[in-house]
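A quick write-up on the structure given underneath.
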2 protein chains.
Amino acid sequence: MALRPVSRRSVPDEVFEQLLGEMVGGALAADEPLPSERRLAEVLGVSRPAVREAIQRMAQAGLVDVRHGDATMVRDFRRRAGLDLLPRLLLPGGQLDLAVARSVLEARLHIGPKIAELAAQRGGRDTAAALDDTVKAMAGTEDPIVLQHRALDYWDLVVDGADSIVFRMMFNGLRLAYQPAIEALATVMAPEVGNLEAYRTLANAIRAADSPAARDAAEELLRPATAQMLAAIDMLQEDR
Amino acid sequence: MALRPVSRRSVPDEVFEQLLGEMVGGALAADEPLPSERRLAEVLGVSRPAVREAIQRMAQAGLVDVRHGDATMVRDFRRRAGLDLLPRLLLPGGQLDLAVARSVLEARLHIGPKIAELAAQRGGRDTAAALDDTVKAMAGTEDPIVLQHRALDYWDLVVDGADSIVFRMMFNGLRLAYQPAIEALATVMAPEVGNLEAYRTLANAIRAADSPAARDAAEELLRPATAQMLAAIDMLQEDR
DNA sequence: AAGAACTACTGGTCTTACCACTTGACGTCT
DNA sequence: AGACGTCAAGTGGTAAGACCAGTAGTTCTT
């Protein structure tokens, strides 16, 4: 029996989700006006403040433009949204979007080595020591789910060492997309997160402040699983 | 006379801004509870729905965790925030944060060539043709402000050509940080946005589907101004 | 000492009313 | 005919107050 916490969606949550669904699904096209708050409240059977909260959140995410006195306009989420929207695009309606998944993999493989390089330049021994501890923790388990979480901790430390706020934020965004899928990815990620030697090599390169070596080590660590998953995506896409 | 649109911050805007300021400034530390909605409404002299809207927006941005029945907790924005927070970190209180600026430059130089490479693989002639048009438009002006906007249009097309949603979202985030500073950067960016030949070279590489050439061309285009600005930041940081 | 019930918070939601802004239609001057 | 006010309708912005629904700590009961 696999019990999971019940998801208690609040009313504004629900409204937000529905509106976003309409947008991603294409029913609410860009540059078209959203129905008025009162209208939405009536149609959805909720209060106007609830609708407002949802709409304000959409505005915060850049999905709509709200102008006092005029109708609020839907914007092209592809052009305005930040990485925080990634989880919803990756799994729209529970189904994995292959194009988005490919994009995430590409980005991961491109960003990871750079972060490792910066960490080698700036992180120093403190980062390396913390990484050693994490690798030790990884050695204590075989469970690929736990291993993935530990690997995320590991990268979190590398990102700290890189000391570059933009890469930190990019990492945050990618992690948010990755986490919901962690269980589904247990099998494909097992070879990567089980490759402790690669994690140690990277930690040592960072300790030695050898940024080219760190770069290569990170690529060595990330490439195999990335290549495998990209190949799988290619096959799936051809099937259709 | 340089008239500018008056900024009409709504009450929730103002509340959001104040809370964020306290967080970035350190007065509201991570893992500490926020005052209750009623208390905040009272202290700030606004209605509770207004406070709620602000807090919901913070939750949307990952800055706080709100749990029904318990106090809402402040989270470490460095660890949770996405790129959408970048503009506020870059110019906290009107003053440029040099470390953040350095980080933006690093990211730009690392992401740009990769996007160009992908655009060469996937964009094809359509992308190249659109780029040609944009370069023509750039040739029609000397104003560095206008040129920067055109250059953004140019990159926007390249990103479209790259057809990778994650890089698109990263670009969106960087652009949002860049745009408010566009006037202040007129002088330092002038050499880059005035280098039309570099933009043409990149467009041609994309047309030829020559991804290594596109990569190099993008780097060639971005590196000079990046290096100059990084050097300037180094000097400013040493002064202190 | 362990458990159940209670209490005092917290956020969640709704209703109602009114303010402020934008737009476009209409009328009025020039 | 054109330019300029005026006004009405619709939109988002804000407030106040009431009540529902969770959480956590205290107190009472056993």
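Naming: A, B, ... by sequence-line order, numbering from 1 per chain.
- With values rounded to the nearest 0.5 angstrom, A/N172 atom CG is found 11.5 Å from B/F77 atom CZ.
- A/P12 comes within 4.0 angstrom of sugar-phosphate atoms only, judged by non-hydrogen atoms across all strands, and of no base.
- To the nearest angstrom, P of C/dG12 lies 10 Å from CZ of A/R57.
- Using a 4.0 Å cutoff to heavy atoms of chain A, the contacted part of DNA chain D runs 5' to 3' from D/dG10 to D/dT23.
- The existence of a salt bridge linking B/D163 and B/R168 is excluded, since no basic side-chain nitrogen approaches an acidic carboxylate oxygen closer than 4.0 Å.
- Under the 4.5 Å side-chain criterion, counting only non-hydrogen atoms from C-beta, A/M73 is not in contact with A/L34.
- Residues A/R108 and A/T226 bring a donor and an acceptor atom of their side chains to less than 3.5 Å of each other.
- Aromatic ring pairs are classed by plane angle as parallel below 30°, tilted from 30° to 60° and perpendicular above 60°; the pair A/H110 and B/H110 is parallel.
- A salt bridge links B/R75 to B/D65: at least one charged side-chain nitrogen sits closer than 4.0 Å to a carboxylate oxygen.
- With contacts defined as side-chain heavy-atom distances shorter than 4.5 Å, the pair A/R79/B/F171 does not qualify.
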Exercise. Would you sort out whether B/R88 and B/E17 count as a salt bridge (charged side-chain N to carboxylate O under 4.0 Å, His left out), showing the intermediate values?
Key: CA-CA 9 Å; B/R88 300 169 198 277; B/E17 216 73 36; 2.5 Å; yes
Contact list (N/O, under 3.5 angstrom) for nucleotides 9-11 of chain C vs protein:
| unit_1 | atom_1 | unit_2 | atom_2 | d |
| --- | --- | --- | --- | --- |
| C/dG11 | OP2 | B/E37 | N | 2.9 |
| C/dG11 | N7 | B/R38 | NH2 | 2.7 |
| C/dG11 | O6 | B/R38 | NH2 | 2.6 |
| C/dG11 | N2 | B/H68 | NE2 | 3.1 |
| C/dG11 | N3 | B/H68 | NE2 | 3.2 |

